[in-house]
Colleague: 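This is the structure I want to talk about, given as structure tokens.
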Amino acid sequence: MLLTVVTLTPFLGAVIPLLAIRYGRNFCALATGAVTLTALVLLLSQAPGVYRGDVMTWSVPWLPMIGLSFSFFLDGLGLFFAALILGMGLLIILYARYYLSSDDPLGLFYFYLLLFQGAMVGIVLSDNILLLLVFWELTSLTSFLLIGYWSALPKSRQGARMALIVTGAGGLALIAGMLMLGHIAGSYEITEILQRGDVIRSSPLLLPTLLLILGGAFTKSAQFPFHFWLPHAMAAPTPVSAYLHSATMVKAGLFLMARLWPVFAPTEAWFLIVAPVGLITMLIGAWIALFKDDLKALLAFSTVSHLGLITMLFGLGTPLAAVAAVFHIINHATFKAALFMSAGIIDHEAGTRDIRRLGGLLTLMPITATLSIVAAASMAGIPLFNGFLSKEMMLEEAAHTVYAGVEWLFPVLVTIAALISAAYSFRFAISTFFAPPRDDYPHQPHDPPFGMWLPVAILVVPVLAIGILPAVTAGPIVEFTALAVVGEALPDYTLAIWHGLAPALFMSLIALSGGALLFAAYRYANALRLAFPRPDAKRIYDAVLSAVVNGARAIIETTHNGSLPRYAGIILSAIVAVGAVGFLNAPHEAGTRTIIPMSFPAGGAWIVLAAICITLLFWHRDRLLALILTSGVGLIVSLMFLQFSAPDLALTQISVDVVTTILLLLALNLLPKTAPTKTAMVGRLGRGGLAAVIGLGVGALAYAVMTRDFQTISDYHLAEAKPGGGGTNVVNVILVDFRGFDTFGEIIVLGIAAITIFALIDNAMRGAAARTLNSIRHSVQSKDAHPLILVVATRILLPLALTVAAFIFLRGHNEPGGGFIAGLIVAIALIMQYLASGYAWAAQRARIDSQAMIGAGIAIAGLAGLASLFFGWPFLTSTYTHVDLPLIGDIEIASAIAFDLGVFLTVVGVVMLSLAQISRVEERAEREPVLRGPMDVQLRQGRIVGSNGGGA
Amino acid sequence: MIVLACTVAVFAIGAAMLLNLYRLLVGPDTPTRVLALDTLVINAIALVVLIGIYYGTSIYFEAALLFAMVGFLTTVAYCKYILRGNVME
Amino acid sequence: MTNWIIAPAILPALTAAHLILAWRRDIRMQRIVSVAATLALVGIALFLYHLASDGEPRVYHVGAWPAPYGIVLVLDRLSATMLLLTAALALAVLVYAVAGWDARGRHFHALFQLQLLGLNGAFLTGDIFNLFVFFEVMLIASYGLMLHGGGARRLGAGFQYVAINLVASALFLIAIGLIYGVTGTLNMADLAVKVPKVVAGNEALLRTGALLLFLVFAIKAAFVPLHWWLPATYSAASAPVAALFAIMTKVGAYAIIRVYGTIFGADAGALAGVAVPWILPAALVTLLVGAVGLLASRTLLDLAAFNIVASMGTLLIAIGVFDVDGLTTALYYLVHSTLTGAALFLIVDLVATRRIDKGGALVPGHPISQTPILGALFLLTALAAVGLPPLSGFIGKLMVLEAAYESPQFRLIWLFVLVASLMMTIAFARAGSIVFWKTEGRMTGPKSANAPIPPIAVVALLVCGTALLSVFAGPAVEAFKATAEQALNPADYIDAVLGSPQNVMPSTGH
Amino acid sequence: MFKRFVPHPLLTLLIVAVWILLDGLSWGTVVLGVILGIAIPRLTSPYWPDRPHIGSPLTILEYAVIVLWDIVVANFQVAYLILFRRGDSLRSRFVTVPLDLRTPEAITALAGTITMTPGTVSADLSGDGRALLVHCLETHDAEETVATIKSRYETRLQRIFET
Amino acid sequence: MELLIASAVGLMTAVGVYLILQERTFPIVVGLTLLSYAVNVFLFAMGRLVINQPPIISGADAYTDPLPQALVLTAIVISFGMTALIVVLALRGFLETENDNADIPGEDLASEAEGDK
Amino acid sequence: MTGIGEFAIAALICLAAFFLFVGSLGLAKLPDLMSRLHGPTKATTLGIGSMLIASMLYFLLERGTLSLHELLITTFLFLTAPVTALMVAKAHIISDKGSRKALPPTGRKCSWAVIDGPQAERPAQD
Ligand code: NA
Ligand code: NA
């Protein structure tokens with residue numbers, strides 16, 4: 001429980017600075033410090049128990065299905081790191097209070113910082129490795145925010161993104177690795193996993209698992225070749241650099257290696273991979289650091305180098321190496337953080353961090369100088385400072401390390417590395433503090449306020465204390481921590497300054513003296529460096545990233561080029577492919593149903609259809625012709641429906657076609673009348689081929705099904721239509737009753753189509769569309785808009801048509817017909833008026849609100865369906881009854897007719913609304929005033945009244 | 001006898017339809033095509049009525065009726081389009 | 001009691017009718033009625049979810065005709081979950097739209113309600129042709145919504161969207177035709193009974209039908225290479241519409257689970273799992289294309305649109321596994337990606353509308369007002385989308401990886417998933433730092449004082465949703481697991497539909 | 001009273017007739033037919049302003065008989081021409097028929113008649129509605145054709161519509 | 001007969017698809033119309049071909065399968081609505097952009113400056 | 001059932017078929033549109049007419065049921081055929097320059113409606 005509290009305190013406390021900042025920066029800093037302090041105190045309260053050797057765990061399930069749980073445990077290692085994180089945190093909070101200028105949002109900074117702190121603590125206290133992953137990713141994220149804190153600076157933004165991407169990539173590898181580890185070990189709890197070391201080591205998946213996990217660790221801890229992100233992260237404010245990039249986050253990778261040390265260290269692969277990677281990192285880091293002129297850059301690469309050192313130690317796989325590693329983690333944390341802070345102070349005071357422009361600060365800012373020199377001495381590995389001790393142990397371990405049978409390899413290389421690090425340490429200290437003072441400082445540098453150098457001082461104390469009395473001061477911590485790492489009793493060792501004339505001593509001396517010489521010969525060394533090619537990781541990274549982005553754009557923008565023919569082509573090809581595979585991979589037998597003999601009219605109709613289709617294929621660019629031909633197709637299809645006993649379909653098809661034709665004609669009037677032939681022959685062949693294949697496929701499927709018998713549920717419909725549905729026209733009964741719900745959806749589709757058309761046209765009267773409309777020049781052929789004879793004819797037809805419609809509607813339930821067809825006939829009758837006398841004139845007389853009609857239609861259909869609920873029957877339950885009226889006699893009334901009425905109204909409304917809308921556009925496009933009269937030639941009681949130009 | 005007559009008629013109408021098709025495709029001008037389509041519809045009506053007689057059912061008459069109305073409307077629409085462009089001004 | 005099953009279909013329909021009839025010209029009343037109706041829908045969905053949570057499918061015989069002759073609606077855990085998700089999303093989106101988007105064209109609210117009708121119908125129906133009908137309702141309403149507001153780009157994308165979906169509808173009919181032509185039935189449960197009995201000679205036809213049907217759903221679910229309509233459509237649609245569309249692709253996923261879990265499920269004999277082998281490869285490619293698209297994005301809208309593609313890829317991977325764990329994961333990811341996708345479209349809209357000169361373009365521009373809150377929301381949404389903790393995306397990712405572990409191609413899947421999330425990380429980091437960090441000049445956008453709160457609140461709410469989904473992953477996944485088990489074992493479903501009809505009339509004498 | 005209910009008795013009658021044609025003869029249909037016959041004219045009257053008053057039914061009947069007979073004849077004529085004459089040998093031409101008719105309905109009726117009867121098709125109306133453009137498939141004497149049209153049809157139509 | 005219908009369906013499908021694959025909106029619309037004819041006939045044919053047995057209960061001994069007819073009816077109506085919509089959409093798009101290509105007018109961001117550098 | 005009736009029906013059917021064929025033949029054969037118009041507008045109407053009479057007779061004599069739909073269809077056709085012809089003719093005149101030249105004068109101030117559109121009345125010229 002308490003562990004969770006420790007972890008959650010920074011998270012929950014994170015909001016406090018955001019609120020506290022209102023009451024000033026000091027209060028904000030105090031509040032934030034208080035949060036961290038609370039966590040630290042709570043943690044340390046457990047220290048005695050841990051040092052008594054008992055491991056405390058706590059766990060609640062989170063997502064059992066994948067083994068994710070909120071489980072924490074505390075042992076020496078966890079305690080050590082957690083304390084390190086929180087303790088450092090306190091100092092950083094204090095330091096940042098003074099470091100950040102008053103126009104930096106301090107509250108936000110502390111907010112990010114606490115989130116980061118919580119994530120770090122979470123990593124080191126998690127027992128469940130999936131939970132650890134959560135915190136791991138959170139550190140990447142929060143460090144992204146912290147590095148990008150000064151988001152105005154390009155360097156910060158790029159550094160932040162680089163850090164996020166590199167560590168994020170590592171994090172993804174780690175996810176994979178951890179999941180595999182969990183599956184191998186059969187548990188996601190570290191405590192369990194540590195028990196199952198041998199199971200893991202014997203697994204065939206060991207190597208991939210190890211590599212993936214190391215991928216995570218190496219990226220986080222900036223190991224070669226992933227080391228390049230760390231220096232760029234130094235664009236962050238110095239407190240961030242000091243905290244994340246020297247003391248804590250970069251140690252997360254080391255922590256992971258330490259945590260899983262007992263599992264992996266015994267394996268050959270571990271040593272062969274980790275040790276050299278650490279060594280190389282150590283060398284390269286040191287070498288680059290030596291030539292950095294920016295203090296922070298120098299420290300950054302030095303950090304890389306030291307992380308390499310620790311990694312190598314873990315990689316060596318011996319208990320004593322582990323002890324040395326732990327010891328060096330402590331020491332490095334102290335002196336490096338101190339140095340970062342001093343660098344920050346110098347930057348603050350001298351206005352620059354460029355070694356070449358610094359000098360003589362010893363006299364100008366003595367306190368800072370003294371503290372820095374001590375820390376630098378430790379970094380150089382000079383005796384009496386803590387850096388010396390752990391480095392000594394490291395050299396000792398390396399001294400008798402044989403890699404791939406080569407004895408000298410490790411000893412020599414580590415000595416060189418140590419030598420270089422001595423050199424850059426000297427360079428750091430001497431050229432900053434001792435070199436002749438300069439006079440070009442923006443303002444006289446002097447020691448910063450107490451609060452700013454205090455943290456440095458606090459850090460320098462252990463540097464000396466440990467350096468002089470290691471066994472007393474650091475002894476127990478190192479022991480318990482190392483114990484937790486190794487997981488078994490440690491061999492004898494002593495933390496002492498003097499180990500006698502061990503090889504390490506000589507290596508150390510070589511390193512120091514050599515370092516001094518190298519610093520003295522700095523100019524030549526630099527010349528030597530410049531002689532060799534120096535790959536710039538940043539440039540490579542940028543190149544790769546922009547290549548990725550540009551590549552992605554190339555891919556997307558060439559494939560998603562907005563060409564519908566291509567899209568449709570690909571989709572249709574995919575359909576063909578899948579369909580073909582599906583058909584060919586299953587047994588198929590020809591049908592046995594008796595074929596209907598061909599008849600002459602059918603053959604004739606077929607010829608007509610085929611001829612029309614083929615003509616359409618070649619002449620579709622003459623759009624009016626295409627339309628006329630399509631009407632022909634519709635005619636044949638309707639006849640086909642009649643031929644094969646589907647009168648209702650024929651009626652529907654016939655009436656739908658005419659309305660469609662008129663819609664298309666209206667549209668075509670404004671659209672281009674012909675299309676240019678611009679498709680290449682090849683393209684046409686390709687499309688033709690695809691079309692042909694699809695046509696063949698569909699035809700073949702149709703034939704295959706038509707030629708076999710089958711059992712269908714519709715026998716029930718035939719049987720029940722009359723007794724159950726009260727109608728003899730089974731199709732209609734199905735539509736309004738058995739499957740009335742389909743019809744309900746169907747009329748809603750129509751309704752939506754209409755109101756969408758309405759909305760579409762509604763905004764065509766403004767903007768670009770309106771401009772186009774105005775620019776359209778109609779070459780009106782005839783001046784005769786409303787031919788008299790046509791007008792008169794349609795006037796006679798209207799009442800007849802309506803009568804027919806009424807008839808079709810009423811008989812629909814028993815004979816071919818129904819609400820839908822009736823609605824279309826009414827619409828057609830009205831369209832006739834529009835055609836003859838013009839939309840404007842006719843619309844004035846049609847007192848129908850088509851939108852209301854649609855709404856009413858849907859509502860009536862819906863309510864007709866709902867009515868049955870009141871009688872305890874489901875939606876759309878129909879009933880019918882026979883009433884015996886005087887004179888008229890027995891007539892049957894089916895409740896489904898109400899539903900059909902809804903259909904009727906919707907259809908009329910939809911057609912009328914659509915046509916009305918398009919007519920509005922047409923009107924807008926008209927050039928000359930159109931006669932609003934019913935007929936252009938107006939004859940009255942023997943007098944003729946000319947009426948041209950009579951606009952309404 | 002009626003059946004025979006029907007058969008003859010079917011052939012005659014079928015032939016008529018093919019002639020219409022010829023006009024429809026050959027044109028030359030759009031009004032001609034429209035007229036051809038109109039005639040095609042008229043023949044279709046005849047065919048429907050004939051089928052009605054042949055099968056002795058009156059179920060198909062509404063189809064014929066509708067063909068008559070719709071054929072007229074379609075033809076007029078096309079002509080109006082040729083005459084005015086906007087068929088519903 | 002069971003009458004409530006029809007409510008999710010009837011309520012929106014009548015609301016829409018009422019809006020068209022009564023409040024055509026009164027946007028205020030439209031808003032009130034629409035929001036009220038959607039609230040009621042949420043209530044109904046909650047009730048139905050509660051109803052379904054006892055694990056027994058409930059059948060509603062529309063028109064009181066016995067199955068398989070009439071149309072049945074079936075309420076089980078799966079449909080209930082989808083209904084609830086849809087209703088919740090709809091409410092959020094509607095509140096967002098009411099802030100002004102809805103007034104940019106006519107009939108927004110009617111179309112919105114009818115869109116809900118289509119979705120709900122599709123989730124409830126137990127009849128494949130009725131499924132077609134409600135797909136059409138859903139689609140045509142989506143055309144209306146997508147075109148809402150007009151504009152050249154929207155019209156162009158809209159035409160493609162409509163054209164491609166019309167082709168898909170044609171395919172749908174052909175598939176239904178084949179299935180009916182062989183089995184002679186349309187009712188899903190009845191099909192589940194008859195498909196295993198199909199004689200060998202007809203197998204090829206039925207298999208073809210099944211696969212063509214699968215392709216229809218695949219187009220809806222934006223499987224690459226059938227996804228072409230999606231990026232343009234979604235990035236052209238108005239923000240709230242695009243946000244609502246986050247559920248549209250899921251309908252495809254739902255239909256796949258329903259049809260290939262029930263009709264062509266494990267007991268389907270020769271046709272068992274007919275479509276399953278196709279899912280995984282396509283899903284991987286989809287994920288990859290989505291990720292590449294994210295990297296290639298030039299605008300925030302592209303980002304949001306391709307995020308849908310990528311998330312569908314991940315979701316379909318989970319479906320591709322097609323066992324209980326797979327579907328459980330799929331359902332979790334479905335909910336997660338719906339909330340996230342919607343939130344992303346909305347936050348992107350909030351940002352773009354504030355960047356006066358640059359809009360959604362991913363180029364440096366002015367700093368925008370309310371950066372802290374908007375930035376935070378964008379960051380959180382991005383986290384959810386990319387799959388970083390602490391939101392549901394990370395858990396979803398872990399679940400997908402876990403579910404895939406048993407599959408023989410788990411290495412491939414892991415590679416794709418992890419590489420894709422790296423690419424997504426890069427894309428979102430770029431976008432975020434350009435829009436929120438790389439700014440210069442004066443601040444643009446409404447002062448936080450006079451900026452409407454609801455839109456931001458909606459985004460925050462959606463983000464909270466993903467957070468809750470993450471915190472309470474345990475119980476959520478329990479529910480999804482039960483849902484997946486029910487979906488993969490159609491026996492109960494079949495019994496419920498074909499077995500003792502509760503509210504069916506005696507066969508004659510209606 | 002009756003006038004108020006049945007503004008257009010002829011149309012009403014026509015509708016009732018049509019209804020019976022459609023629905024067959026029974027009390028029910030008659031009743032329903034009458035209802036429609038009253039309702040539909042009221043609905044459609046706005047589309048047909050100032051409907052003409054029609055002359056005595058007898059004259060209409062006489063006219064109808066004549067026209068029907070002419071149609072039959074016309075068909076045989078045309079059939080002959082089509083079958084046994086080479087297309088280019090036909091002496092087809094346009095002729096102008098000046099009109100005395102005034103009522104649109106009358107003019108329409110005349111045009112229709114012309115089209116349905118021997119070898120003539122009415123093709124257009126003059127801008128002021130005072131002349132009819134007629135196409136003759138085969139004519140040697142245009143004047144005679146025009147004369148027959150006017151005497152045989154127009155006069156009768158005048159009696160029907162314009163007295 | 002079956003062969004006639006099947007080939008007719010195939011032919012209409014092929015032509016419809018070919019037209020759908022054109023660049024301009026109008027042929028695409030015509031193509032979609034043809035395609036829906038084809039699909040409707042296909043669906044209709046799934047009830048098998050039967051001559052002169054319309055599903056009108058009249059004491060006849062056999063009737064054709066009414067169910068596909070009902071389905072096709074619904075399909076016809078739906079495709080009618082869709083056609084109406086897409087026609088207007090094509091028209092509207094043309095009015096907006098003055099060209100009737102079925103592609104998407106881009107916002108051409110390519111011209112604008114690159115992202116973060 | 002009378003042989004005469006049957007014969008009449010058969011004859012009518014054949015007559016109908018004949019006229020329908022001739023009408024379409026005219027459409028196909030005749031040289032220019034105006035001449036082609038004559039075929040369909042007349043022949044077909046009579047063709048349909050007699051077909052419908054045949055049908056009526058058939059149902060009356062063979063089935064003993066009075067089927068009158070045919071009359072309605074005829075009415076429609078006789079009402080619409082002339083108008084169709086007129087519209088086609090107008091369309092033809094407009095789209096074909098040659099025939100426009102060939103038109104006779106109206107004998108009025110104004111030209112034909114299809115060309116000039118509606119005109120105010122002017123005194124006849126003579
Ligand atoms: Na019922
Ligand atoms: Na699109």
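The sequence lines fix the lettering, A, B, ..., with proteins before strands; numbering per chain opens at 1.
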Colleague: What are the two closest non-hydrogen atoms of Met12(E) and Tyr37(E), and how far apart are they?
Modeller: SD-CB, 4.0 Å
Colleague: Identify which part of Asn52(E) has an atom lying under 4.5 Å from any heavy atom of chain A, answering side chain, backbone, both or neither.
Modeller: backbone
Colleague: Where on Leu89(E) is there a heavy atom nearer than 4.5 Å to chain A: the side chain, the backbone, both, or neither?
Modeller: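 Both parts, backbone and side chain.
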Colleague: I'd like to check Val903(A) versus Thr743(A) (side-chain heavy atoms, cut-off strictly below 4.5 Å). Are they in contact?
Modeller: yes
Colleague: Name the region of Asp709(A), side chain, backbone, both or neither, that has any atom closer than 4.5 Å to a heavy atom of chain E.
Modeller: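 Answer is backbone: N, CA, C or O of Asp709(A) sit under 4.5 Å from chain E.
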Colleague: With a 4.5 angstrom heavy-atom cut-off, is it the side chain or the backbone of Leu572(A) that approaches chain E, or both, or neither?
Modeller: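 Side chain of Leu572(A) only, per the 4.5 Å heavy-atom cut-off to chain E.
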Colleague: Can you check whether Leu649(A) reaches Phe44(E) side chain to side chain, under 4.5 Å on heavy atoms?
Modeller: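 SC-SC contact between Leu649(A) and Phe44(E) confirmed.
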Colleague: Give, as side chain, backbone, both or neither, the part of Val637(A) having an atom under 4.5 angstrom from any heavy atom of chain E.
Modeller: side chain
Colleague: With Ile918(A) as reference, evaluate Leu666(A), Leu665(A), Leu913(A) under the side-chain contact (heavy atoms from CB on, under 4.5 Å) test and give the passing residue.
Modeller: Leu666(A)
Colleague: Please look at Val77(E) and chain A and tell me whether the side chain, the backbone, both or neither of the residue comes under 4.5 angstrom of a heavy atom of that chain.
Modeller: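 Interface part for Val77(E): both.
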Colleague: Check each atom of Val39(E) against the heavy atoms of chain A and say whether the ones under 4.5 Å are side chain, backbone, both or neither.
Modeller: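 It is neither, since no heavy atom gets under 4.5 Å.
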Colleague: Tell me, side chain or backbone of Phe820(A) under 4.5 Å from chain E's heavy atoms, or both, or neither?
Modeller: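 Only the side chain of Phe820(A) comes within 4.5 Å of chain E.
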Colleague: State, to 0.1 Å, how close Gln69(E) and Ser645(A) come at their nearest heavy-atom pair, and which atoms those are.
Modeller: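 The answer is NE2-O, 2.8 Å.
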Colleague: So which part of Leu34(E) gets closer than 4.5 Å to some heavy atom of chain A, the side chain, the backbone, both or neither?
Modeller: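 The answer is the side chain of Leu34(E).
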Colleague: Which bit of Ile636(A) is near chain E, if near means a heavy-atom gap under 4.5 Å: side chain, backbone, both or neither?
Modeller: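 No part of Ile636(A) comes within 4.5 Å of chain E.
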Colleague: Side chain, backbone, both or neither: which part of Arg623(A) has a non-hydrogen atom closer than 4.5 Å to chain E?
Modeller: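 Contact with chain E involves both backbone and side-chain atoms of Arg623(A).
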Colleague: Which bit of Thr712(A) is near chain E, if near means a heavy-atom gap under 4.5 Å: side chain, backbone, both or neither?
Modeller: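 For Thr712(A), the contact with chain E is made by the side chain alone.
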Colleague: Looking only at non-hydrogen atoms, find the nearest pair between Leu627(A) and Thr661(A) and report the distance.
Modeller: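 Distance-wise, the nearest heavy atoms are CD2-O, 4.3 Å.
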Colleague: Write down the atom of Pro816(A), the atom of Ile56(E), and the distance for their closest heavy-atom approach.
Modeller: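 Smallest interatomic distance, heavy atoms only, reads CD-CD1, 3.9 Å.
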Colleague: Mind listing the closest non-hydrogen atom pair of Ala568(A) and Leu21(E) along with its distance?
Modeller: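 Closest approach of Ala568(A) to Leu21(E), heavy atoms only: CB-CD2, 3.9 Å.
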Colleague: Against chain A, label Val9(E) side chain, backbone, both or neither, depending on which of its atoms sit under 4.5 Å from a heavy atom there.
Modeller: side chain
Colleague: Using the rule side-chain contact (heavy atoms from CB on, under 4.5 Å), only one of Asn101(E), Leu95(E), Asn99(E) pairs with Thr97(E); which is it?
Modeller: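 Answer after filtering Asn101(E), Leu95(E), Asn99(E): Asn99(E).
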Colleague: Checking heavy atoms, do the side chain of Leu73(E), its backbone, both or neither come under 4.5 Å from chain A?
Modeller: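 Looking at Leu73(E), backbone and side chain both touch chain A.
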Colleague: By a 4.5 Å heavy-atom criterion (distance strictly below it), what part of Val911(A) contacts chain E: side chain, backbone, both, or neither?
Modeller: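 Contact with chain E: side chain only.
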Colleague: Heavy-atom cut-off 4.5 Å, strictly under: side chain, backbone, both or neither for Tyr18(E) against chain A?
Modeller: both
Colleague: Given the rule in the side chain to side chain donor-acceptor pair (under 3.5 Å) test, do Glu557(A) and Asn561(A) qualify, once you have shown the distances and angles that lead to the verdict?
Modeller: CA-CA 6 Å; Glu557(A) 277 154 20; Asn561(A) 63 347; over 6 Å; no
Colleague: Given a strict heavy-atom distance threshold of 4.5 Å, which part of Thr83(E) is in contact with chain A: side chain, backbone, both, or neither?
Modeller: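 The side chain, not the backbone.
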Colleague: Measuring only between side-chain heavy atoms, which start at C-beta, is Tyr63(E) closer than 4.5 Å to Val730(A)?
Modeller: no
